[in-house]
Chemist: 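Sharing a structure below in structure tokens format, with a few things to ask.
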Amino acid sequence: MNSRVLPSYSKAAKSAFPYLFTPLFLIAFVDSWRRAEVNPLLFLEAEGRNNLWKFLTGMFPPDLSANFLGLMFRPAMETIQISVMGTLIAIVIGFPLGMLGTRTFSVSGVLNEADNLGSPTRRVWGYLVYFGARAVLSLFRSIPEFVWAFMFVRAVGLGPFPGVLAIGVAYGGMLGKVYSEIFEAVNDRPLEALQSTGANRLQIFFYGWLPQVLPNFISYTLYRWECAVRASAVLGLVGAGGLGQQIEISMRMFNFHEILTLLGILFIMVATVDYISAKIRAVL
Amino acid sequence: MEQYRLEKIVKSFDRHQLAVGGIDLAVQRGERIALIGPSGAGKTTLFRILNLTLRPTSGRLSIDGSRVEHLHGKKLREMRQKIGTVYQQHNLVPRLKVIHNVLSGRLGNWSTLRSVVSLVRPRDIELAYDALKRVGIEEKIFARTDELSGGQQQRVAIARVLLQDPEVILADEPVSSVDRSLASTIVKLLIDISKQTGKTLMVNLHSVELALSYFSRVVGVKHGTTVFDLSSDEVSDELLEGLYSGHLPENEQDVSFDEQPGTPFLQ
């Protein structure tokens, strides 16, 4: 009798997952809604409505005086410069760590099999390097750039530099993670062929790995640069220079019409960067 | 002098699959050998052991009289440099220019810095040009590799081996993805190179006809072991029938599929 029951039981066990997870998902959703205090009705209450109205109407007309626009030119440029420098530092951090954090580069796969079997200590080192790189990347990106900026402002003072460092470190962690995923997905047959010529790991990397992933690599980096422009504006709020600092000042002064101008400038900058990176990607 | 000595070489990818099941083979320096046998017989795996990509699960492997199973690091790379491989799928880097794929044969001789600089400003252009001329596609030197036809890419792969200048050339199904006439041209090219330079040549071939007409020594491989190891005029029809029994007869036309290493037969 057992033999007849068992197969149907195991079949039922397989298909039990949806029944198990649908309620779990619903519970998680309802609970999150409640605990995150999601309440769209607040918009309908008099106070919220009034404040929102004040904020929105206060924004018009935007301050387009030559004087204000001229004053904002430098902070706007500063935001771009922070994003460029920050992204460059992020590449410097993310590229090597992403490479070492690639499993097929550091620990396993056809490039490591023979070496690891020949030398057990090498395998141990490989794992140490791999997990080390991954741990550093996780640390860098798990701390929000806002918090990094806060710490760097304490360390190096107000101004654009802490913003650069914050973007460099936080985005370095993100870039490194994605780089390693891009590297991981590469076709390893050309790598095997390069290895068979006696090439070392770095040579294989530059001749086999990088050329194969270059379009992906560049387009993701450009995407991160777009994000960095936005982020560098936000970082200004904690005193790390750029447009954000101006937004913060205008907010504090209740000069809402300046805020709309600043948001407009930010929009144009992000759109421009988006356009530039789309053009570059089209060439690849 | 002995180039290769294999004693009871076994390779298994997991407990149930034996890709190579105890091969004994001795290869003299300068010899030219064709390996034939049904697909999935373990020929590709054997070649990946011979070029020190994979390590045998058990058995002894000697190259030039010295054991190589425990090599690692620099010594392993130096030994690999002595063995050039031409792959079935060419295994070139598609987005690189032809010249860089050819020059990658020099990587074993170059420092890492020099290799990277060469990607920007190619070194040893004359060497690459000569090698490409030898295989007949010197005009493609600055073309992007993925713009070339399959046969041209296979020539680039051979040019890469020429620049590597190894003692041994292993060619794993080098002609399975090109048409009949080109196939014999490429096999002839490999044989000429071996004759002129005295390099040992081992070729995996799907085509029995090519194997018998160009190679004096023919090794039949089936189920991961050698079935026969004879001079080509001793290979009889019965032996061939036995070699391919249980498999569809094969020729160049129907074997353009990709023989995945690592997924061999069940023993």
Side-chain angles (χ1 to χ4, degrees), chain A residues 92 95-96 99-100 104-127 129 182-183 185-219 281 283-284, chain B residues 47-57 68-97 100-101 103-116 118-119 145 157 160-161 163-164 166 170 258 261-262:
Chain A
V92 169
F95 183 76
M99 186 174 84
L100 296 175
T104 44
F105 181 83
S106 298
V107 287
S108 60
V110 76
L111 296 189
N112 290 288
E113 159 162 342
D115 269 314
N116 281 349
L117 288 171
S119 161
T121 51
R122 195 190 166 282
R123 179 198 292 266
V124 173
W125 274 112
Y127 271 102
V129 166
I182 293 174
F183 292 151
V186 91
N187 175 9
D188 65 358
R189 284 158 173 262
L191 310 183
E192 177 177 337
L194 288 168
Q195 174 176 256
S196 79
T197 67
N200 69 32
R201 201 157 303 265
L202 274 180
Q203 290 171 323
I204 296 171
F205 185 81
F206 283 111
Y207 274 73
W209 237 305
L210 208 50
Q212 287 194 71
V213 301
L214 204 58
N216 252 340
F217 181 88
I218 292 176
S219 93
R281 264 177 279 185
V283 176
L284 295 174
Chain B
F47 268 33
R48 293 171 92 206
I49 291 171
L50 291 179
N51 76 6
L52 304 181
T53 297
L54 300 179
R55 200 165 288 257
T57 312
V68 296
E69 302 102 64
H70 300 291
L71 291 182
H72 59 90
K74 195 168 167 50
K75 289 220 169 86
L76 176 60
R77 292 200 298 274
E78 281 166 3
M79 193 57 92
R80 279 174 176 155
Q81 212 184 320
K82 293 189 192 176
I83 306 153
T85 310
V86 177
Y87 292 87
Q88 180 179 15
Q89 302 296 320
H90 330 311
N91 292 7
L92 303 168
V93 183
R95 293 179 48 85
L96 278 185
K97 282 181 181 164
H100 295 303
N101 267 308
L103 286 175
S104 67
R106 302 295 297 161
L107 289 178
N109 299 62
W110 285 356
S111 71
T112 306
L113 182 66
R114 191 183 171 145
S115 324
V116 175
S118 173
L119 279 175
T145 307
R160 170 169 68 188
V161 167
L163 253 75
Q164 186 182 343
L170 304 176
D258 189 0

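Not measured: the values here are computed from a predicted model. So you know, we letter chains A, B, ... as the sequences are listed, proteins then strands, and number each from 1. Just so you know, these numbers use all the heavy atoms, side chains as well, and skip hydrogens, waters and symmetry mates.
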Chemist: Give the minimum heavy-atom separation between Gly118(A) and His72(B), together with the two atoms involved.
Modeler: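 Shortest heavy-atom separation between Gly118(A) and His72(B) comes out as O-CD2, 3.3 Å.
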Chemist: Measuring heavy-atom distances to chain A, does Arg106(B) have an atom under 4.5 Å in its side chain, in its backbone, in both, or in neither?
Modeler: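 Nothing of Arg106(B), per the 4.5 Å heavy-atom cut-off to chain A.
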Chemist: If I take atom CZ from residue Arg80(B) and atom CG from residue Asn200(A), how far apart are they, to the nearest 0.5 angstrom?
Modeler: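 So the gap between those two atoms works out to 11.0 Å.
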Chemist: If you round to the nearest 0.5 Å, how far is OG of Ser111(B) from CD of Gln203(A)?
Modeler: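 That separation rounds to 7.5 Å.
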Chemist: Looking only at atom types and distance, does a side-chain atom of Asn91(B) sit under 3.5 Å from a main-chain N or O of Arg189(A), one as donor and one as acceptor?
Modeler: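 Yes; judged by distance alone, with no hydrogens or angles, the pair exists.
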Chemist: Heavy-atom pairs under 4.5 Å with chain A: which of Arg95(B), His90(B), Gln81(B) has the most?
Modeler: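 Option with the greatest count: Arg95(B).
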Chemist: What is the distance from atom CZ of Arg122(A) to atom CG of Leu76(B), rounded to the nearest 0.5 Å?
Modeler: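 With rounding to 0.5 Å, CZ (Arg122(A)) is 9.0 Å from CG (Leu76(B)).
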Chemist: Could I get the full list of side-chain contact (heavy atoms from CB on, under 4.5 Å) partners for Val161(B), not counting sequence neighbours?
Modeler: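 By the side-chain contact (heavy atoms from CB on, under 4.5 Å) rule, Val161(B) matches Val86(B), Pro166(B), Ile169(B).
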Chemist: Step by step, work out the side-chain contact (heavy atoms from CB on, under 4.5 Å) result for Tyr207(A) and Leu107(B).
Modeler: CA-CA 9 Å; Tyr207(A) 274 73; Leu107(B) 289 178; 3.6 Å; yes
Chemist: Between Ile83(B) and chain A, which part of the residue has a heavy atom less than 4.5 Å away: side chain, backbone, both or neither?
Modeler: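 Contact with chain A is through the backbone of Ile83(B) alone.
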Chemist: Rounded to the nearest 0.5 Å, what separation is found between the CZ atom of Arg77(B) and the OG1 atom of Thr197(A)?
Modeler: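 These two atoms lie 10.5 Å from each other.
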Chemist: Where does Gln164(B) contact chain A at under 4.5 Å (heavy atoms): side chain, backbone, both or neither?
Modeler: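 The answer is the side chain of Gln164(B).
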Chemist: Find the distance between OG (Ser119(A)) and CG (Leu71(B)) and round it off to the nearest 0.5 Å.
Modeler: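 Taking OG in Ser119(A) and CG in Leu71(B), the distance rounds to 11.5 Å.
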Chemist: What's the spacing between Ser115(B) OG and Phe206(A) CZ if we round to 0.5 Å?
Modeler: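 Here the interatomic distance stands at 9.5 Å.
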Chemist: Can you list the residues that meet the side-chain contact (heavy atoms from CB on, under 4.5 Å) rule with Leu117(A), with sequence neighbours excluded?
Modeler: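 Only Glu113(A), Arg123(A), Arg55(B) meet the side-chain contact (heavy atoms from CB on, under 4.5 Å) criterion with Leu117(A).
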Chemist: Between Leu103(B), Leu96(B), Leu92(B), Asn101(B), which shows the greatest number of heavy-atom pairs under 4.5 Å with chain A?
Modeler: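 That would be Leu96(B).
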Chemist: Show, in sequence, the C-alpha distance, side-chain angles and deciding distance for Glu192(A) and Arg48(B), and conclude whether the side-chain contact (heavy atoms from CB on, under 4.5 Å) test is met.
Modeler: CA-CA 10 Å; Glu192(A) 177 177 337; Arg48(B) 293 171 92 206; 2.9 Å; yes
Chemist: Go through Asn51(B), Leu54(B), Leu52(B) and name the one with the most non-hydrogen pairs under 4.5 angstrom from chain A.
Modeler: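 Heavy-atom pairs under 4.5 Å are most numerous for Leu54(B).
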Chemist: Chain B: which of Ala199(A), Pro211(A), Gly208(A) shares the most heavy-atom pairs with it under 4.5 Å?
Modeler: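 Maximum pair count with chain B is reached by Pro211(A).
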